[in-house]
Amino acid sequence: MSFVPAPHPPEFRRRAVDLARAGEQAVAVIAKDLNISESCLRNWMAPADADEGKDTAIEQQRARRAR
């Protein structure tokens, strides 16, 4: 039998994204402190950015290449 962790509540996700956006610490450090994976935190950040009309990392990369 495999163990599937319960999903994190929306408030936890929002706070994690807010901490990552603040830029005071690296995303990897924040994720480790919160006991989640870095990829998990980055996956939460992308839709949050899109919901707020912010460019995603991919869009930012494309803009840099175009310059």
Side-chain angles (χ1 to χ4, degrees):
M1 181 197 252
S2 64
F3 173 74
V4 176
H8 294 285
E11 303 81 31
F12 178 86
R13 291 176 179 222
R14 249 186 319 265
R15 181 68 182 136
V17 169
D18 289 345
L19 287 169
R21 285 185 179 159
E24 294 177 15
Q25 292 181 310
V27 172
V29 172
I30 294 166
K32 184 177 179 183
D33 288 348
L34 296 174
N35 202 29
I36 59 175
S37 69
E38 181 179 353
S39 62
C40 178
L41 180 50
R42 289 190 187 281
N43 286 339
W44 293 346
M45 291 172 70
D49 288 345
D51 289 346
E52 294 177 11
K54 294 183 179 183
D55 288 342
T56 63
I58 292 170
E59 290 168 337
Q60 291 171 358
Q61 243 179 6
R62 287 181 184 151
R64 281 193 297 271
R65 287 182 190 150
R67 289 186 213 141

task: Give the cluster check for Phe12 versus Leu41: same hydrophobic cluster or not, with ILVMFWY residues linked at side-chain heavy-atom distances below 4.5 Å.
output: yes
message: Quick check: closest heavy atoms across Val27 and Met45, and the distance to 0.1 Å?
response: CG2-SD, 4.4 Å
task: Can you spot which of His8, Arg14, Arg13 makes a side chain to side chain contact (heavy atoms under 4.5 Å, CB included) with Pro10?
output: Arg14
message: Going by side-chain hydrogen bond (donor to acceptor under 3.5 Å, both in side chains), name the residues that satisfy it together with Arg42, two or more places apart in sequence or in a different chain.
response: Glu38
Show me the donor-acceptor pairs, under 3.5 Å and distance only, between side chains in residues 30-37 and residues at least two apart or in other chains.
unit_1, atom_1, unit_2, atom_2, d
Ser37, OG, Ser39, OG, 3.2
Ser37, OG, Cys40, N, 3.0

